[in-house]
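Both backbone and side-chain heavy atoms feed into the values below; hydrogens, waters and symmetry mates do not. Labels below follow one simple rule: chain letters A, B, ... track the order of the sequence lines, proteins then strands, and each chain is numbered from 1.
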2 protein chains.
Amino acid sequence: MSSASQTSPVIDTARRAKEAAAALAPLPRTARDGALLAMADALEARTEEIVAANARDVEGARAAGTPESIVDRLTLTPERIAAIASDVRDVVALPDPVGEVVRGSTLPNGLELRQVRVPLGVVGIVYEARPNVTVDAAALCLKSGNAVLLRGSSSAYASNTALVEVVRDAVASAGLPADAVQLVPGESRDSVKELMRARGLVDVLIPRGGASLIKAVVEGSTVPVIETGTGNCHVYVDERADLDTAVAILVNSKAQRPSVCNAAETVLVHEGIAGAFLPRALAALEEAGVTVHGDEAWVKAGEAEGVAVVPATEEDWGTEYLSHDIAAAVVPSLDAAVAHIRRWTSGHTEAIVTADTAAARRFVSLVDSTAVMVNASTRFTDGGQFGFGAEIGISTQKLHARGPMGLPELTSTKYVVTGEGHVRS
Amino acid sequence: MSSASQTSPVIDTARRAKEAAAALAPLPRTARDGALLAMADALEARTEEIVAANARDVEGARAAGTPESIVDRLTLTPERIAAIASDVRDVVALPDPVGEVVRGSTLPNGLELRQVRVPLGVVGIVYEARPNVTVDAAALCLKSGNAVLLRGSSSAYASNTALVEVVRDAVASAGLPADAVQLVPGESRDSVKELMRARGLVDVLIPRGGASLIKAVVEGSTVPVIETGTGNCHVYVDERADLDTAVAILVNSKAQRPSVCNAAETVLVHEGIAGAFLPRALAALEEAGVTVHGDEAWVKAGEAEGVAVVPATEEDWGTEYLSHDIAAAVVPSLDAAVAHIRRWTSGHTEAIVTADTAAARRFVSLVDSTAVMVNASTRFTDGGQFGFGAEIGISTQKLHARGPMGLPELTSTKYVVTGEGHVRS
């Protein structure tokens, strides 16, 4: 079940990561924090070479006809590098998850039982586009005592190579093993596949990116995976919703930043309030530049209000638009809204707007998603908003971590049991 | 990523389980406990038909030449069924994990954040031989609000079919969906494979049994898996160990019940204490009927003491004997012991015997296993011993659950965020 006997550049990298993880495990917080501070300083001191490497990626992206919005996400400037270094210093200030006693008691026989947080070991991150993730992920993994294997997109290869070199030098200068942070060699998809199968060497793989990347990693890995990110989020406007509140939450959930996973993609409205709500929602969504893909009731309301509504097909209910589009339906009841959500959701975030406590309670208990918002925008599902101080991704699976993952989610636990010669009879 | 469009007897079963899980989620503790009590009563009331079905399995096993020890594990008697029913009543008395608030705070903007334990949903258990697992697993899953898919061994098919029928009738009589407890149809390995790929329908698969079963499930599943059970456990006798304590812990760890996963399989001894310890250990192990597979130092000590020691080969270090055999080596240091353990362990339980607090601390921090015992027998790694009241298995993986899994480990969490019209700016 391990890859102990194989060899390849990727497997060798993973093996070195495992050794580095073993060396990191007993280090105190001060050692890890020292390495993070050295990282931040080095990023600032070596800004020039990072920018130069990044320029090659940017040039390559432009030559390949990459849209300017993507090129912008790829671009590193001295200001952006300073912001990345500042984020690393913020991570230093976060509480240390390692060593926290999660549970503990003295058993009836006098054995002292403690369940203690420990690093996971080797964390693999497979991600797309933005090179700032390289440093973020390295900082969060190192803070939580883990070695990290970074596999960014080939479009950012020069940038990531430069960043990882700077980070590794800083880690080594602080007396920690440089192999605690490594770039996975190779630019082809094959190197990801090897990582996915490095069971016994990689403790967890976290894919961050588009749905196809996540699907490929989840389905092809023998290594444990934490699924992140896709968000087909719903706003349900209950029969007893306050209309102003409902309009504000709907527009905020959809349009405040449509390109992210916690933006709403479908609105469901109780038929008892549809007559009053749809005209106001249509006007507000139109003003926010949102195109509604509606069921018959929404199309009719659009005709009455003079707002164009695209007739929705079944495909709309399952679509994560990530754009100024929203699917919209009228439902006969709260339970029908829940049934729709359970059928179509990706399990990220759903919101109910209601003044009825019983309805809120029922919605919360029936909806099986990472986060349920009561009278609040879906956009709040976020590690920063939740006060976690940092986020390695948003898990939409149920095992290990669900929702925004902060430092504790990058740890496991072990039981430490202390006796004085205790034997079992 | 889901199996929504497929159909087959196994997939249909999983789909019904998912529906049952949705119906279970909002039920209060009293409803779930009521079903468990009905289960216990029904097992006692219908003992006769269970015993009759079991007799067919026993007959088949004997006809197939199954060893009597295995036949014994398979056999159900009225007394054993009463004990199973009693265990179910014990589960009723355990605290309800569902609804526990794991973390909560009011955010600076006034949003109320709660992280609440919820059922995982659909739990699949693939297990071997003993039919009591059928009822145990059903009781623990139902108590924690989950629907369960049971896939026992074909040698216990008649017993499991009878038990599940009794359990389902009881669950239905208590007003809960009978499909909360289902046997996976089919006796071939293909039905396990379908279960392993029922992504989107099965939330977690827990294999319980031999190493080959676990390996097959871990490597072939697209469904999340919790790896359980294999235990290549070590006892390390440090330079500063009390000799009596060390002998007692070694013999207890190895011989108190050699067939289970928390029994020791290797003893490592610091060279500084080997001269005093090996003769005493050899005598005690011989008295306990244990055969030592030793390195050169142990073989020599055996010769001096007149105790036969089998020369160990590399294979011995990786073997989970589950018998009255133990591998034995002398090591030059604590760090060498740790290196040996890290190389060969299955990550279950390791013990150190020492009077030196610094050595204990170092061993605990360097050993990366589910449980580390200080001056206590490896045999204590057990949900019952840890005071959890019940155990669905012992996880040897790092994600989600590590060590004995009780009711909380059969749950996930969700975030419930309550505002009064909060939107993000």
Problem - Test: B:R103 cationic atom under 6.0 Å from A:F388 six-membered ring centre, within 45° of axis - result: yes

Completion exercise
All heavy atoms of A:Y415 vs all of B:G403, minimum pair found to be CE1-CA, 4.2 Å

Handout entry: Region of A:L111 that comes under 4.5 Å of a non-hydrogen atom in chain B
Key = side chain

Fill in the blank from the handout: Note: B:L366 and A:P26 closest approach over all heavy atoms is CD2-CG, 3.5 Å

Handout entry: Portion of A:Q256 that has a non-hydrogen atom of chain B nearer than 4.5 angstrom
Key = side chain

Problem - Segment of A:V416 engaging chain B (4.5 angstrom heavy-atom cut-off) - result: both

Exercise for the section: Select one option (side chain, backbone, both, neither) describing which atoms of B:R361 are under 4.5 Å from chain A's heavy atoms. Expected result: neither

Problem - Side chain, backbone, both or neither of A:L113 within contact of chain B (heavy atoms, under 4.5 Å) - result: side chain

Exercise for the section: Side chain from CB out, backbone as N, CA, C, O: work out which of these in A:S425 comes under 4.5 Å of a heavy atom of chain B, or both, or neither. Expected result: backbone

Handout entry: Toward chain A, the part of B:N109 with a non-hydrogen atom under 4.5 Å
Key = side chain

Practice task
Measure distances from A:E409 to the heavy atoms of chain B and classify the residue's part below 4.5 Å as side chain, backbone, both or neither.
Solution key: side chain

Exercise for the section: Please flag which part of A:D382 lies under 4.5 Å from any non-hydrogen atom of chain B: side chain, backbone, both or neither. Expected result: side chain

Handout entry: Structural part of B:V367 lying under 4.5 Å from a heavy atom of chain A
Key = backbone

Fill in the blank from the handout: Of the listed A:Q385, A:E420, A:R257, A:K18, the one with the largest count of heavy-atom pairs under 4.5 Å with chain B is A:Q385

Practice task
State whether B:R199 and A:E227 are salt-bridged, where the test is any N-O pair (Lys NZ or Arg NE/NH1/NH2 against Asp/Glu carboxylate O) under 4.0 Å.
Solution key: yes

Problem - N/O donor-acceptor pair under 3.5 Å between B:N252 side chain and A:V423 backbone - result: no

Practice task
Please check if atom CZ in A:R342 has more than 12 non-hydrogen atoms from other residues, nucleotides or ligands closer than 6.0 Å.
Solution key: yes

Handout entry: Carboxylate-amine/guanidinium proximity below 4.0 Å for B:E350 and A:K414
Key = no

Fill in the blank from the handout: Turns out that what part of A:S369 lies under 4.5 Å from chain B's heavy atoms comes down to backbone

Handout entry: A:K398 backbone acceptor or donor facing B:S412 side chain under 3.5 Å
Key = yes

Problem - Option that, when pairs with chain B are counted at under 4.5 Å, heavy atom only, ranks first among A:L120, A:T245, A:T222 - result: A:L120

Practice task
Mind listing the closest non-hydrogen atom pair of B:S365 and A:A25 along with its distance?
Solution key: O-CB, 4.2 Å

Practice task
Mark yes or no for whether A:R424, through its side chain, and B:R379, through its backbone, hold a donor-acceptor pair below 3.5 Å.
Solution key: yes

Exercise for the section: Report yes or no: does A:H422 contribute a side-chain atom to a donor-acceptor pair with the main-chain N or O of B:A376 at less than 3.5 Å? Expected result: no

Exercise for the section: Could you tell me which portion of A:I226 (side chain, backbone, both or neither) has an atom closer than 4.5 angstrom to a non-hydrogen atom of chain B? Expected result: side chain

Fill in the blank from the handout: Okay, A:L107 and chain B: the region with an atom under 4.5 Å from a heavy atom over there is side chain

Exercise for the section: Return the option, out of B:A21, B:A23, B:A22, B:A401, with the maximum number of heavy-atom pairs under 4.5 Å with chain A. Expected result: B:A22

Practice task
Spell out, as yes or no, whether a donor-acceptor pair under 3.5 Å connects the side chain of B:R402 to the backbone of A:T413.
Solution key: yes

Practice task
Mind checking the CD-OG1 spacing from B:Q115 to A:T370? Nearest 0.5 Å is all I need.
Solution key: 10.5 Å

Fill in the blank from the handout: For A:L399 and B:V204 the tightest heavy-atom approach is CD1-CG2, 3.8 Å

